[in-house]
Amino acid sequence: MKKFEDILVSAKNKGLKKIAVAFAQDEDVLKAIKAAVNAGICVPILVGDKEKIEEISKEVDFVLEDIEIIDEKDGNLAARKAVELVSSGKADVVMKGLIDTSIILKAVLDKEIGLRTGNTLSHAAVFAIEKYHKLLLITDAAMNIAPDAEEKRQILENSLRVTRSLGIENPKVAVVCAKEKVSSKMQATVDAQELIQMQKDGKITGCIVEGPFGLDNAISKEAAELKGVHGAVAGDADILLMPNIEAGNVLYKALTYFSDSENAGIILGAKAPIVLTSRADSDVAKLNSIALAVLCS
């Protein structure tokens, strides 16, 4: 797959999945759900203030006939109900609506009704960028502040669920740092070295891990050749494993606002994918995120 149209087609071919939307009375969220329904990729269960959901749906011409609405005016309870729908098998994906991220994640991690697995939760963003020759996954731009090498291993394992869904059998992983040589003064380069050793030891499988890479050497063969950086991943990365949340977040937003690109983002590491988009994300990004979650469910 090289573009989001491919992801939408694959999500549709997978069959309708049920998506539980927590506190659904949000115009942008309902627009995205409407588009996903029209694209034939999901059946929504809308949890939230029924009156407001119906009012906003009329404004965006979203016909609610045959769509289940669970009336819950409290955001915390709406989040719990949406998560419970997934944990009980009545839905396949959770989507955040008009509530804070902390509220939905609290419900996801609830020991009684949540979706916890013991794994690290992480954010994976998929970009289709005009100047890059294939889809590019960036992780982690939203969840883990300063992951150590073991946490990065789990973040990487989470991202492989996405690449498998995209049909990438042996993804090339670039461990991104500020320089290409290991230095004890730069922890991210030491982590890169540890991750490569983990793969040699069989603790990481199903991908090719190389690094440390500067961003340029990970995505540009010309830059890699000029700097003498060699390997299967150099200039051809499928996954950019970022050093920390600042680097991941800045790259995510730079690509969003400075490039001709489309993107999607989901949370992984729970029993089911979580669509957790920003209010600043476009309707298209939200639709793409729903499609990606459906594909990974």
Do other residues, nucleotides or ligands put more than 12 heavy atoms under 6.0 Å from the [atom1] atom of [X]?
{"X": "E5", "atom1": "CD", "result": "yes"}
{"X": "K58", "atom1": "NZ", "result": "no"}
{"X": "K14", "atom1": "NZ", "result": "yes"}

In Å and rounded to the nearest 0.5 Å, what is the [atom1] to [atom2] distance from [X] to [Y]?
{"X": "T117", "Y": "L109", "atom1": "OG1", "atom2": "CG", "result": "9.5 Å"}
{"X": "K17", "Y": "I290", "atom1": "NZ", "atom2": "CD1", "result": "15.5 Å"}
{"X": "E72", "Y": "K50", "atom1": "CD", "atom2": "NZ", "result": "13.5 Å"}
{"X": "L295", "Y": "I41", "atom1": "CG", "atom2": "CD1", "result": "9.5 Å"}
{"X": "N217", "Y": "C177", "atom1": "CG", "atom2": "SG", "result": "11.0 Å"}
{"X": "D6", "Y": "K2", "atom1": "CG", "atom2": "NZ", "result": "9.5 Å"}

Is there a path from [X] to [Y] through hydrophobic residues (I, L, V, M, F, W, Y) whose side chains come within less than 4.5 Å of each other?
{"X": "L121", "Y": "I99", "answer": "yes"}
{"X": "V209", "Y": "I155", "answer": "yes"}
{"X": "L85", "Y": "V43", "answer": "no"}
{"X": "V175", "Y": "I239", "answer": "yes"}
{"X": "I208", "Y": "L160", "answer": "no"}

Would you indicate whether the side-chain heavy atoms of [Y] and [X] approach each other to under 4.5 Å?
{"X": "V173", "Y": "V233", "result": "no"}
{"X": "K18", "Y": "K90", "result": "no"}
{"X": "E157", "Y": "N119", "result": "no"}
{"X": "V37", "Y": "V63", "result": "no"}

Looking at every heavy atom in both [X] and [Y], which two are closest together, and how far apart are they?
{"X": "D49", "Y": "Q25", "result": "N-OE1, 3.2 Å"}
{"X": "L195", "Y": "L241", "result": "CD1-CD2, 3.7 Å"}
{"X": "K81", "Y": "I70", "result": "CE-CD1, 3.9 Å"}
{"X": "A32", "Y": "D283", "result": "CB-O, 4.2 Å"}
{"X": "G269", "Y": "N158", "result": "CA-OD1, 3.6 Å"}
{"X": "K3", "Y": "A128", "result": "CA-CB, 4.5 Å"}

| query | Which ILVMFWY residues are connected to I129, directly or by a chain of links, through side-chain heavy atoms under 4.5 Å apart? | reply |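 F127, Y132, L136, I138, V176, L215, I219, L240, M242, L251, Y252, L255, all in the cluster of I129.
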
Side-chain donor or acceptor of [X] paired with backbone N/O of [Y] under 3.5 Å:
{"X": "N144", "Y": "A146", "answer": "no"}
{"X": "Q199", "Y": "C207", "answer": "yes"}
{"X": "K34", "Y": "V60", "answer": "yes"}
{"X": "E210", "Y": "A232", "answer": "yes"}
{"X": "T139", "Y": "H123", "answer": "yes"}
{"X": "D26", "Y": "L98", "answer": "no"}
{"X": "T189", "Y": "S183", "answer": "yes"}
{"X": "D110", "Y": "I113", "answer": "yes"}
{"X": "E151", "Y": "D148", "answer": "yes"}
{"X": "N263", "Y": "V126", "answer": "no"}

| message | Quick test of your reading of the model: are D260 and K131 salt-bridged, counting only N-O distances below 4.0 Å? | response |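 Between K131 and D260 there is no salt bridge, as every charged N stays at least 4.0 Å from the carboxylate O atoms.
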
| Any Lys/Arg nitrogen of R153 or E150 sitting under 4.0 Å from an Asp/Glu carboxylate oxygen of the other? |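 Here R153 pairs with E150 in a salt bridge, since their nearest N and O are under 4.0 Å apart.
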
| query | If we ignore angles and hydrogens, is there a donor and acceptor under 3.5 Å between the side chains of E262 and N288? | reply |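 Their side chains do contain a donor-acceptor pair, which is all the 3.5 Å distance test asks for.
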
| said: My understanding is that only residues two or more places apart in sequence, or in another chain, count here; which of them pass salt bridge (Lys or Arg N to Asp or Glu O under 4.0 Å) with E27? | reply: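 Once residues adjacent in sequence are excluded, the partners of E27 under the salt bridge (Lys or Arg N to Asp or Glu O under 4.0 Å) criterion are K31.
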
